[in-house]
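Naming: A, B, ... by sequence-line order, numbering from 1 per chain. These numbers were taken from a predicted model, which means no experiment stands behind them.
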Number of protein chains: 2
Amino acid sequence: MELEDRKSKILTAIIRNYLETGEPVGSRTISKFTDLQLSSATIRNEMADLEEMGLIIQPHTSAGRIPTDKGYRFYVDQMMEARKHEFDDEKQLLLQRVDRMEAALKQLAKVLAANTNYATLVSAPTYTQNKLKFIQLSRVDEAKVLAVIMTQGNIVKSTLVDMNEDISEDDVLKMNVLLNASLNGLSVDEINLNIISNLKTEAKELAPAVEPILTAIAQAIASDKDEPQIYTSGTTNIFKYPELSQSSSATELIGAFEEKQPLNELVLSSMNKEGIQVYIGEESPFENLKDCSVVTANYDLGDGLHGIVGIVGPKRMDYERVVGTLHGLKNQLDAIYKEMGTKKISGSGIGKDE
Amino acid sequence: MELEDRKSKILTAIIRNYLETGEPVGSRTISKFTDLQLSSATIRNEMADLEEMGLIIQPHTSAGRIPTDKGYRFYVDQMMEARKHEFDDEKQLLLQRVDRMEAALKQLAKVLAANTNYATLVSAPTYTQNKLKFIQLSRVDEAKVLAVIMTQGNIVKSTLVDMNEDISEDDVLKMNVLLNASLNGLSVDEINLNIISNLKTEAKELAPAVEPILTAIAQAIASDKDEPQIYTSGTTNIFKYPELSQSSSATELIGAFEEKQPLNELVLSSMNKEGIQVYIGEESPFENLKDCSVVTANYDLGDGLHGIVGIVGPKRMDYERVVGTLHGLKNQLDAIYKEMGTKKISGSGIGKDE
DNA sequence: GTTAGCACTCGGGGAAAATGAGTGCTAACA
DNA sequence: TGTTAGCACTCATTTTCCCCGAGTGCTAAC
């Protein structure tokens, strides 16, 4: 959308002011606020035009104006265009070094929340495309085998397999060799029915044992592909913004951040979009966020490991700072990854099946 | 504390009524509510006595009475005593079967929250006293070894160990045998400096490799002993109780449920108390909960696996129902455990170290 | 020991009034 | 033709005021 220069300046001034105060902005304020040297009456005329265009709105007669979603969109687009090349990468968030990815991501969400005063979410990296490094089977008892799967990117998954019949220590070893020979280097997506049936043939007398193990492995691998782990922080920050905390959906919002599962939709839809995304109000892929704005950035740790970082706040969020911060963070994550190549990784899990 | 029968009846009536309505209870209400056949004037006299004893209080002159913490305590003690033997174990919560302990515990918190309309927390079982079943080392590359630890109760932990120097496939195998021979059957608490130095002697030329591995293992095992995993649900239920949601600590309360870490104190202090605990207001081990009541039950899955289930609500919570529900749940968990002996267990983890 | 009666207290709710920020419109001005 | 001063008007918000009623404490009678 093109806009007369003066109108654009006035709109920007209105939005800037509203971002700070959260109160409707009147013509007199703008008249003093800008360097346009125009009287409030003139501003009023322009504001009437902007309102007609649907960029600003009056909450009620005799109140100042506040931006509409469309107004914010104009502002954000303009800002993104202008700032494209000059984000302040210097702002390094103090990411304390921690010993596990899980803790690191929690920490990241926390630091971001503390820095921005908005609610944050970080999705743990998913690893489609990720290749198997090795599988290690260990016999636990007569009819149970522990399968440990390690993929590129050094992600470890383990699953305890309930065999249908007893299996000997020897057979487990054979299976181990067989599985590694057949599956090594495959991406997790490539393990399909075809391969399973091939494996069964190769397995010969071990064939009955192959199926439960492969099923369990596939299940363990797939388990969080649809439901990536999400870490959140700063949910309570939304209480700092009356227009959010008093909104009827505040409870739902907090609920969504607690259950995490509802945020999945947001994560999935941002995941395959390059760069930094800004969703304003109704643009959000997720109903409960329609009173908020969401800014997401996707990160890529290589080896097909990627996830997103998101910030949820009121529509009058400080887009400039948030986008800048996320931009810097992306670079920092890249740096961490490079540095990480030679370092160690650890993980743990626990689970019981019916 | 002993109380005249009539006073006790009146106190109980006041509390019962207040639990339902959340409004101060007047003398006339009690006069009609009970089967005592007393006029409101008489009730007033008794109420004055109860107030003097610190069991009830007037929010302001010309208002009815509400129970104090002490009043609730009296009520709860009496109720616990009376109901000691007759909790309705029949109330079976519908626990949908799920494939992993983690999911099961989340589910449990969720179901409890939905059933009680309070906020709930469930701590994942910790396993002090738990004995090692086996350790499986796998060489990942020249200087990295994956250690997978399985304990009784079939809990799996894994950690990627960064060796100080290169290690051969052969040496990993030797280490594997050595570790299992030495550590098998020990409880995780028993792995101490003594054992490590013994192991070093036995390891001979492998000695330099023993230390990083043992350190990593010890660390992986200890990692969530101090910080048990906590699952929460229904935090937003507190909005249903104005006295909580309008309290200044509501934000902190929700924050604590989000960060989870602050709840740890509560978990730890309930963990070593047998049976069902009720904390009323100031009795809570945790500052932020002083406007709430907390009911906790510890569960024991055998093999030293134990944790707690907790319910957090307003002081005017339906203690009777909550205690009953938790009582039933305890039994149900026991049943599940028994049934689980023969079934499979799985888990997964991911982490990166600096 | 119990009860009826009565004066008193005090929070809550609602109406009315005062406030003030901000508008739209008109007429004058450059 | 665009800009501005001026003015009447609107309406959410705040303040004030008053009334109502639930509930109490106390006293005197039963």
> Please, which pairs that meet side-chain hydrogen bond (donor to acceptor under 3.5 Å, both in side chains) have at least one residue in residues 13-30 of chain A, sequence neighbours excluded?
Replying inline: Arg16(A)-Tyr75(A), Ser27(A)-Arg44(A)
> Distance-only, no hydrogens or angles: does the Asn237(B) side chain make a donor-acceptor pair with backbone N or O of Ala113(B) under 3.5 Å?
Replying inline: yes
> Can you name the side chain to side chain contact (heavy atoms under 4.5 Å, CB included) partners of Ser270(B), sequence neighbours left out?
Replying inline: Leu266(B), Tyr279(B), Thr296(B), Ile308(B)
> Do any of residues 34-51 of chain B sit with a heavy atom less than 4.0 Å from DNA chain D, and if so which?
Replying inline: Arg44(B), Met47(B)
Polar pairs (N or O, both sides) under 3.5 Å between protein and nucleotides 14-18 of chain C?
none

>> With a strict under 4.0 Å distance from non-hydrogen atoms of chain A, what nucleotide opens and what nucleotide closes the contacted stretch of DNA chain D, reading 5' to 3'?
In response: dT3(D) to dA12(D)
>> Checking side-chain polar atoms at under 3.5 Å, does Glu259(B) have a donor or acceptor matched by the opposite partner on Ser233(A)?
In response: yes
>> Take N1-N3 plus N6-O4 or O6-N4 for Watson-Crick, N1-O2 plus O6-N3 for G-U, both under 3.5 Å. Which runs of 3 or more such pairs involve DNA chain D?
In response: C:1-30 with D:1-30
> Do Tyr72(B) and Val278(B) have side-chain heavy atoms sitting under 4.5 Å apart?
Replying inline: no
>> If you count every heavy atom of other residues, nucleotides or ligands that lies below 6.0 Å from Leu19(A) atom CG, does the total exceed 12?
In response: yes
> Under 3.5 Å, is there a donor-acceptor pair between the Thr232(A) and Glu258(A) side chains?
Replying inline: no
>> Please tell me whether Tyr231(B) and Thr120(B) have a donor and an acceptor in their side chains that are separated by less than 3.5 angstrom.
In response: no
> When you look at NZ of Lys110(A), are more than 12 heavy atoms from neighbouring residues, nucleotides or ligands closer to it than 6.0 Å?
Replying inline: no
>> Could you tell me if the side chain of Asn115(A) sits less than 4.5 Å from the side chain of Thr325(A), heavy atoms only?
In response: no
> Which pairs count as salt bridge (charged side-chain N to carboxylate O under 4.0 Å, His left out) when at least one residue sits in residues 51-69 of chain A, sequence neighbours excluded?
Replying inline: Glu51(A)-Arg65(A), Asp69(A)-Lys315(A)
>> Going by side chain to side chain contact (heavy atoms under 4.5 Å, CB included), name the residues that satisfy it together with Lys7(B), two or more places apart in sequence or in a different chain.
In response: Leu3(B), Glu4(B), Glu46(B), Asp49(B), Leu50(B), Met53(B)
> Tell me, which of residues 8-29 of chain A have any heavy atom that sits under 4.0 Å from an atom in DNA chain D?
Replying inline: none
>> If we count only N and O atoms by modelled type, under 3.5 Å, do the side chains of Lys240(A) and Asn117(A) hold a donor and an acceptor together?
In response: yes
> Out of Val295(B), Ile280(B), Val323(B), which residue meets the side chain to side chain contact (heavy atoms under 4.5 Å, CB included) rule with Met317(B)?
Replying inline: Val295(B)
>> Among residues at least two apart in sequence or on other chains, which ones pass ring-ring contact (aromatic ring centres under 6.0 Å, His included) with Tyr241(B)?
In response: Tyr118(B)
>> Below 4.0 angstrom, which residues in residues 58-69 of chain B have at least one non-hydrogen atom near DNA chain C?
In response: His60(B), Thr61(B), Ser62(B)
> Do Glu283(B) and Lys290(B) pass the salt bridge (Lys or Arg N to Asp or Glu O under 4.0 Å) test, and can you show the C-alpha distance, the side-chain angles, and the key distance before you say yes or no?
Replying inline: CA-CA 7 Å; Glu283(B) 298 171 6; Lys290(B) 68 181 193 306; over 6 Å; no
> Of all residues at least two apart in sequence or in a different chain, which pass the side chain to side chain contact (heavy atoms under 4.5 Å, CB included) check with Thr34(A)?
Replying inline: Ala13(A), Ile30(A), Leu36(A)
